[in-house]
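First the structure, in the form of structure tokens, and then the observations on it.
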Number of protein chains: 4
Amino acid sequence: MGKTLIHTKEGLVLSAIEVINDVGISNLSIRKVASQQGVTEAAIFRHYKSKNELLLAVLDFFSKYDSDVFATVALKKLTPTESIHYCLNTYATYYENYSAITAITQIHEVFRNEMELREKIDTIIMDRTHFMSGLIDEAIQKNEIAPHVDSEQLAIIIWGYFREVCMKWRISEYAFPLRERVQESLHMILRAFSKRE
Amino acid sequence: MGKTLIHTKEGLVLSAIEVINDVGISNLSIRKVASQQGVTEAAIFRHYKSKNELLLAVLDFFSKYDSDVFATVALKKLTPTESIHYCLNTYATYYENYSAITAITQIHEVFRNEMELREKIDTIIMDRTHFMSGLIDEAIQKNEIAPHVDSEQLAIIIWGYFREVCMKWRISEYAFPLRERVQESLHMILRAFSKRE
Amino acid sequence: MGKTLIHTKEGLVLSAIEVINDVGISNLSIRKVASQQGVTEAAIFRHYKSKNELLLAVLDFFSKYDSDVFATVALKKLTPTESIHYCLNTYATYYENYSAITAITQIHEVFRNEMELREKIDTIIMDRTHFMSGLIDEAIQKNEIAPHVDSEQLAIIIWGYFREVCMKWRISEYAFPLRERVQESLHMILRAFSKRE
Amino acid sequence: MGKTLIHTKEGLVLSAIEVINDVGISNLSIRKVASQQGVTEAAIFRHYKSKNELLLAVLDFFSKYDSDVFATVALKKLTPTESIHYCLNTYATYYENYSAITAITQIHEVFRNEMELREKIDTIIMDRTHFMSGLIDEAIQKNEIAPHVDSEQLAIIIWGYFREVCMKWRISEYAFPLRERVQESLHMILRAFSKRE
DNA sequence: AATGAATGAGCGTTCATTCAT
DNA sequence: GATGAATGAACGCTCATTCAT
């Protein structure tokens, strides 16, 4: 019973992501999520009291991975550079297997016009940047990255790259292996910003 | 006469950009553009025969700058690295003075569900990447950038950074000087990827 | 429950016919049907997913009578001539009591520009002609109608007459008794085409 | 000059008929007539001060033929029966060569919702019926048609047939020779109603 | 004699949401 | 826990008509 509820509730999030991927966030509607899920529109309002609340759940789902990744990185005994690799590799692998979710990486702007959604998305972005710049700071301290590098700016570069390559992947209709490409480019970036002997 | 026509038609593009910046692309409607412009909705359809056509004009306006920039760069006698700086500096300066247009940099995904818009936006992105990777190739040939660098990947990194920093600028509500920040970061990037002696 | 549904759905068809009779098929709109019925426009779309689907239901309603008539004629043990009389008498009586529906007899042409409607209306007309020419063939075999008569042409004459007299009835604002008039004229026609001794 | 005006004015009527035939009376609009004619919408209002006035001109054009036919019939020295044949033959020949105009024969009902148009169309129908029943009366007097026949009812039968066969012709997409068919059927009708020896 | 621009009303349709069942 | 019916607002778009040029 409780289980079914949870199942349906989460199922709606997955359906919403599917719909966003299929017809775009602008054309997402409760009706379409309902029919994707095979329920009535009214049924959705039993689980989420508004469309925005469903979208908040989508963002929760999208970022739930974040805490896991951040936590895992902390647990493993990796060098900072390895951590950065591990982090992006995790996302890239995940996205490669669930390509629809990359739609969410591209629609931050759309969420910005509803206060609740805006706060959530801003927090997600901020946390990711913060986490990344933290790793970079560590890397600088451990001489893996050159000392003059501004960690926040590099964090923006890395996330910006990641978002851009996700976009290219979508445009290409998933024509190249995302994980490999990200790995290569990240390697290139970290090497470029590494300390020079 | 001709003047009035051009004025209204172009004015509608500017109004559309304003509306997109204000309420978001998802909430853009012909009604809102009309009221922003102070005309009736029907009047818009005299100038653009559909909403999509107006949006195409917005993309035209957004990218019209591109050819100018590409051409100017070719004319000036600059080193490739200087050209890259000049290019991003131009956009950053422009955006800094017309912050609403940065909204357009963030909405590629939304346009992807209308074929005409999709084609246009894909072309714009491709052309920009191509132009940038061309400059990088030149830079590699002239030993300004390290030979092992993949020019297309670096182009993606640079544009990804630019898009990301525009997003951050918007989130911060234009709290930092965009041009300066871009200049610094770009300097950092190009230095990192430069040939090491 | 089920009852309410059927009621509203069928009610909309009757409302649509009322509107067509009042303001003409060209001026029929979902808005007007809605207000005739005392519901909102959106409510209509719960029952019929488009305006055309509602119009199809109107045609269904208009022709649902057909199968009943055809079937009844077959059941009763009447001479072919009596059958023809019975058939037109049934329509005339029905129309006399529900004059608004005669509007539908006059609007074939208008429906011709929507493929779905066109197919439906063409089928209705074809079936009626076919049924009538079948009866005439029988009448010829039983020597009630002269052998040289082309049954399809006579069917067209009879239906053409019926449609024309309905038009006259409408023009006259229902000033003469439709049933009686049809009966007389049909009698005149059948007598004229009967076998002469 | 005057000539051009007349030409344009009449051209608009022909364009309107073309549009009605192409997209149906319900989808006729000033815009479409204008573009069919290759002028602006505003230009039409220079010639006809409203859409209804243009439609009145269409009806004028449609029925202008009537007076010619009526007059010609009176001039020629024909028997009443021959006159009826001549009359329908003239229309059938005309329509066969200008099939678009048969659209007008089918849309009386649509015109009924604008008072001016209604009056016009009612007059046309009445005049035609009157003319036909006059010929039938003559035929009765000259023993060409049986004495017990009600001339008005037969007139309705004949015009009803004619309208119906025009409809069938349209449905069939002009698959049979209209004139021939009308001639045959009319022959059949007049023979049936003729005096029997 | 004709055009381009504009208007206000109306169109068919979709939306998020509510509520009785 | 879910459904079917309904609503009111908004959507993109087309209409007949007007008017300054």
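Residue numbers begin at 1 in each chain, while the letters A, B, ... track the order of the sequences.
dA1(E) atom P lies 13 Å from atom CG of Leu12(D), rounded to whole Å. Rounded to whole Å, the distance from CZ on Arg46(A) to P on dA20(E) is 13 Å. In this structure, CG of Leu55(D) is placed 12 Å from C1' of dA16(F), rounded to the nearest angstrom. What separates NZ of Lys9(C) from P of dA6(F) is a distance of 12 Å, to the nearest Å. Between the P atom of dT7(E) and the CD1 atom of Ile44(B) lies a distance of 10 Å, rounded to the nearest Å.
Partners of Lys120(C) under the salt bridge (Lys or Arg N to Asp or Glu O under 4.0 Å) rule, at least two apart in sequence or in another chain, are Asp60(C).
Near DNA chain F, meaning a heavy atom under 4.0 Å away, there are no residues from residues 107-121 of chain B.
Between Thr40(B) and Ala43(D), the residue anchored nearer the 5' end of DNA chain E, judged by the nucleotide with its closest heavy atom, is Ala43(D).
Under the 4.5 Å side-chain criterion, counting only non-hydrogen atoms from C-beta, Val58(B) is not in contact with Phe61(B). You'll find the side chain of Leu55(D) stays beyond 4.5 Å of the side chain of Tyr48(D), heavy atoms only. Side chains of His47(B) and Leu54(B) form no contact here, defined as non-hydrogen atoms less than 4.5 Å apart.
Residues Ile121(B) and His108(B) approach most closely at CD1-CD2, 3.5 Å, considering heavy atoms. Closest approach of Leu28(B) and Val33(B) over heavy atoms only: CD1-CG2, 3.9 Å.
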Give the table of side-chain donor-acceptor pairs shorter than 3.5 Å for residues 35-44 of chain B, with sequence neighbours excluded, one pair per line with atom names and distance.
| from | atom 1 | to | atom 2 | distance (Å) |
| --- | --- | --- | --- | --- |
| Gln37(B) | OE1 | Ser15(B) | OG | 2.5 |
| Glu41(B) | OE1 | Arg31(B) | NH1 | 2.2 |

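Between the two ends of the helix from dA2(E)-dT21(F) to dT21(E)-dA2(F), each summarised by a five-pair axis, the helix axis turns through 10° (rounded to 10 degrees).
Residue pairs that meet the salt bridge (Lys or Arg N to Asp or Glu O under 4.0 Å) test with at least one member in residues 16-30 of chain D, sequence neighbours left out, do not exist here.
For dG4(F), neither phosphate oxygen OP1 nor OP2 lies less than 4.0 angstrom from any side-chain nitrogen or oxygen of Thr8(C). Dashed line: the shortest gap from a side-chain N or O of His47(C) to OP1 or OP2 of dA6(F) is under 4.0 Å.
Taking CG of Leu56(D) as the reference point, atom NZ of Lys51(D) lies at 12.5 Å (rounded to 0.5 Å).
At a cut-off of 3.5 Å, with distance as the only test, a side-chain donor of Thr102(B) or Arg170(B) sits close to an acceptor on the other residue.
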Under 4.0 Å protein heavy-atom contacts per nucleotide of nucleotides 9-15 of chain E, with B for base, S for backbone only and - for none:
--BBBBB
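For Asn113(C) (side chain) and Val23(D) (main-chain N/O), a donor-acceptor pair under 3.5 Å exists by modelled atom type.
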